[in-house]
Amino acid sequence: MGYLVGVTALWAFSFSLIGVYLAGQVDSYFAVLVRVTLAMLVFLPFLRPSLLRGKQRLALMALGAVQLGVMYVFFYQSFLLLSVPEVLLFTIFTPVYIALLDDLMFGRFTPIYLVTAVLAVLGAGVIRYDGVDSGFWVGFLVVQGANLCFAIGQVGYRRLAADLPPTLPWHSVFGWFFVGAMVIALPAFLLFGNTAALPTTFVQWGVLAWLGLVASGVGYFAWNQGAAKVDAGTLAVMNNALVPAGLVVNLVIWNRDADIAKLILGAVIMMASLWLNQWWLKRRTPAAA
């Protein structure tokens with residue numbers, strides 16, 4: 001849980017940095033490529049290929065390709081089809097996908113996970129909803145593609161970790177995750193990138209460096225480690241905890257408009273979903289574990 005809380009705080013700052021210094025100024029595909037490249041360089045010195053079998057390395061690469069590479073392709077494409085408030089609104093369904101996919105991959109059905117995930121979606125929706133325009137269904141489906149990729153990556157990592165020794169030094173194999181993401185990020189930039197919109201200031205390069213080395217490198221490693229250690233209900237709820245955290249950071253530092261009442265109400269609903277999940281975990285019988 002500590003991993004997820006720490007990364008939530010870390011990524012809460014990332015959203016504002018992207019919005020203030022990069023969005024509309026630096027080509028998004030180039031930004032993704034830089035982030036993935038720097039994150040990969042963080043872990044390559046620690047990489048020990050002998051720790052994983054060939055299929056396991058390919059599985060970890062596939063997770064990186066889906067969770068980062070394909071997800072970002074969907075996510076940035078959605079901004080060409082929807083307004084920013086609509087994109088933000090439609091990202092809140094990730095917890096539901098996590099709850100359903102986790103049960104599917106682990107061969108079970110846990111209704112409480114779906115209940116807490118829906119509560120997390122409701123809480124995030126209260127915070128983010130500003131209304132939607134007509135003709136947004138294609139954009140909605142594109143965002144759901146991004147949500148599904150992020151959920152598949154997290155749940156797939158949980159499944160892979162369950163099959164590997166608990167003593168495995170993950171920092172010595174996680175480089176494969178970013179190698180997989182690079183397989184998608186590099187061709188995406190070469191095909192869709194705009195070389196006329198590269199960084200032009202020291203601040204923009206500094207933000208990209210921080211996002212790549214810290215937010216992507218440390219962030220995705222810690223987030224996936226946390227995802228492997230908590231139950232699916234907690235993971236589902238924490239996926240939407242970024243909503244109030246990001247808005248608080250944006251409001252306090254950059255003084256952007258935010259509806260405080262909606263922020264508080266949405267945060268309370270999400271906290272209630274997390275409490276409900278923890279209450280159920282404490283009361284379930286050992287046989288149901």
Side-chain angles (χ1 to χ4, degrees), residues 1-8 10-11 14 29-73 97-98 101-108 146 148-190 208-232 234-235 238-239 289:
M1 186 66 175
Y3 285 108
L4 300 181
V5 173
V7 178
T8 295
L10 180 67
W11 284 349
S14 299
Y29 292 102
F30 180 76
V32 172
L33 179 62
V34 171
R35 291 182 65 172
V36 171
T37 300
L38 291 177
M40 183 178 65
L41 292 177
V42 170
F43 286 92
L44 282 184
F46 304 102
L47 195 61
R48 295 166 59 188
S50 61
L51 291 178
L52 294 179
R53 296 193 301 271
K55 289 184 178 180
Q56 294 169 336
R57 291 196 295 268
L58 289 175
L60 193 51
M61 289 174 62
L63 291 175
V66 172
Q67 188 176 345
L68 262 69
V70 181
M71 184 273 289
Y72 273 131
V73 171
Y97 299 140
I98 288 176
L101 285 170
D102 194 80
D103 275 353
L104 178 65
M105 287 191 180
F106 284 91
R108 60 174 182 251
L148 191 58
C149 287
F150 193 51
I152 289 172
Q154 294 176 78
V155 177
Y157 192 91
R158 283 168 50 79
R159 189 70 184 86
L160 179 63
D163 292 335
L164 294 173
T167 57
L168 177 71
W170 277 94
H171 68 282
S172 295
V173 299
F174 200 73
W176 296 114
F177 181 87
F178 292 112
V179 171
M182 179 64 74
V183 171
I184 302 297
L186 181 57
F189 171 69
L190 295 176
L208 282 175
W210 189 88
L211 291 173
L213 297 172
V214 182
S216 292
V218 176
Y220 275 98
F221 174 73
W223 183 269
N224 282 295
Q225 287 298 100
K229 296 178 184 299
V230 300
D231 66 283
T234 299
L235 179 61
M238 289 303 296
N239 264 261

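Because the structure is predicted, anything quoted here is derived from the model rather than measured.
- Atom CZ in Arg159 sits 11.0 Å away from atom CG in Leu104 (nearest 0.5 Å).
- When only modelled atom types and interatomic distance are considered, Gln56 and Trp176 share no side-chain donor-acceptor pair under 3.5 Å.
- Taken from CE in Met61 to CG in Leu52, the straight-line distance is 12.0 Å, to the nearest 0.5 Å.
- Smallest separation of non-hydrogen atoms from Gly153 and Asn224: O-OD1, 4.2 Å.
- In this structure, the side chains of Thr37 and Met182 come closer than 4.5 Å at one or more pairs of heavy atoms.
- Considering Leu148, Asn239, Ile152 in turn, Asn239 is the only one that fulfils the side-chain contact (heavy atoms from CB on, under 4.5 Å) rule with Ile98.
- Among Tyr220, Phe43, Phe221, Tyr157, the one residue that satisfies the ring pair (Phe, Tyr, Trp, His ring centres under 6.0 Å) test with Trp170 is Tyr157.
- Under the salt bridge (Lys or Arg N to Asp or Glu O under 4.0 Å) criterion, Arg158 pairs with Asp102, not counting sequence neighbours.
- Using a 4.5 Å cut-off on side-chain heavy atoms (C-beta onward), Ile184 and Leu68 make no contact.
- Of all heavy-atom pairs between Val7 and Ala222, the closest is CG2-CB, 3.5 Å.
- Shortest non-hydrogen contact noted between Ala209 and Leu38 is CA-CD1, 3.7 Å.
- Taking the six-membered ring where tryptophan is involved, the planes of Phe178 and Phe174 are perpendicular, since the angle between them exceeds 60° and thus also 30°.
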*Take Thr8 and Val5 through the side-chain contact (heavy atoms from CB on, under 4.5 Å) test and state the conclusion after the steps.*
CA-CA 5 Å; Thr8 295; Val5 173; 5.6 Å; no
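- Of all heavy-atom pairs spanning Leu101 and Ala151, the tightest one is CD1-CB, 3.9 Å.
- You'll find the side chain of Val218 stays beyond 4.5 Å of the side chain of Leu213, heavy atoms only.
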*What's the verdict on side-chain contact (heavy atoms from CB on, under 4.5 Å) for Tyr72 and Cys149, showing C-alpha distance, side-chain angles and the deciding distance?*
CA-CA 9 Å; Tyr72 273 131; Cys149 287; over 6 Å; no
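- Side-chain atoms of Met238 and Val230, non-hydrogen and from C-beta on, never get closer than 4.5 Å to each other.
- Taking both residues in full, the closest heavy atoms of Tyr3 and Lys229 are given as CE1-CE, 3.6 Å, listed atom of the first, atom of the second, then distance.
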*asked:* Is there a side-chain contact (heavy atoms from CB on, under 4.5 Å) between Val34 and Leu211? Walk through the geometry before answering.
replied: CA-CA 9 Å; Val34 171; Leu211 291 173; over 6 Å; no
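- Here the side chains of Tyr29 and Leu190 are not in contact, with every heavy-atom distance at 4.5 Å or above.
- Judged by distance alone, the side chain of Trp11 and the main-chain N or O of Ala215 form a donor-acceptor pair under 3.5 Å.
- By the 4.5 Å heavy-atom criterion applied to side chains, Leu10 and Trp223 are not counted as neighbours.
- What you find for Gln154 and Ala227 is that their closest heavy atoms are O-CB, 4.5 Å.
- For the atom pair Asp163 CG and Leu168 CG, the distance stands at 12.0 Å (nearest 0.5 Å).
- Residues Pro169 and Leu51 are in side-chain contact: their nearest non-hydrogen atoms beyond the backbone lie under 4.5 Å apart.
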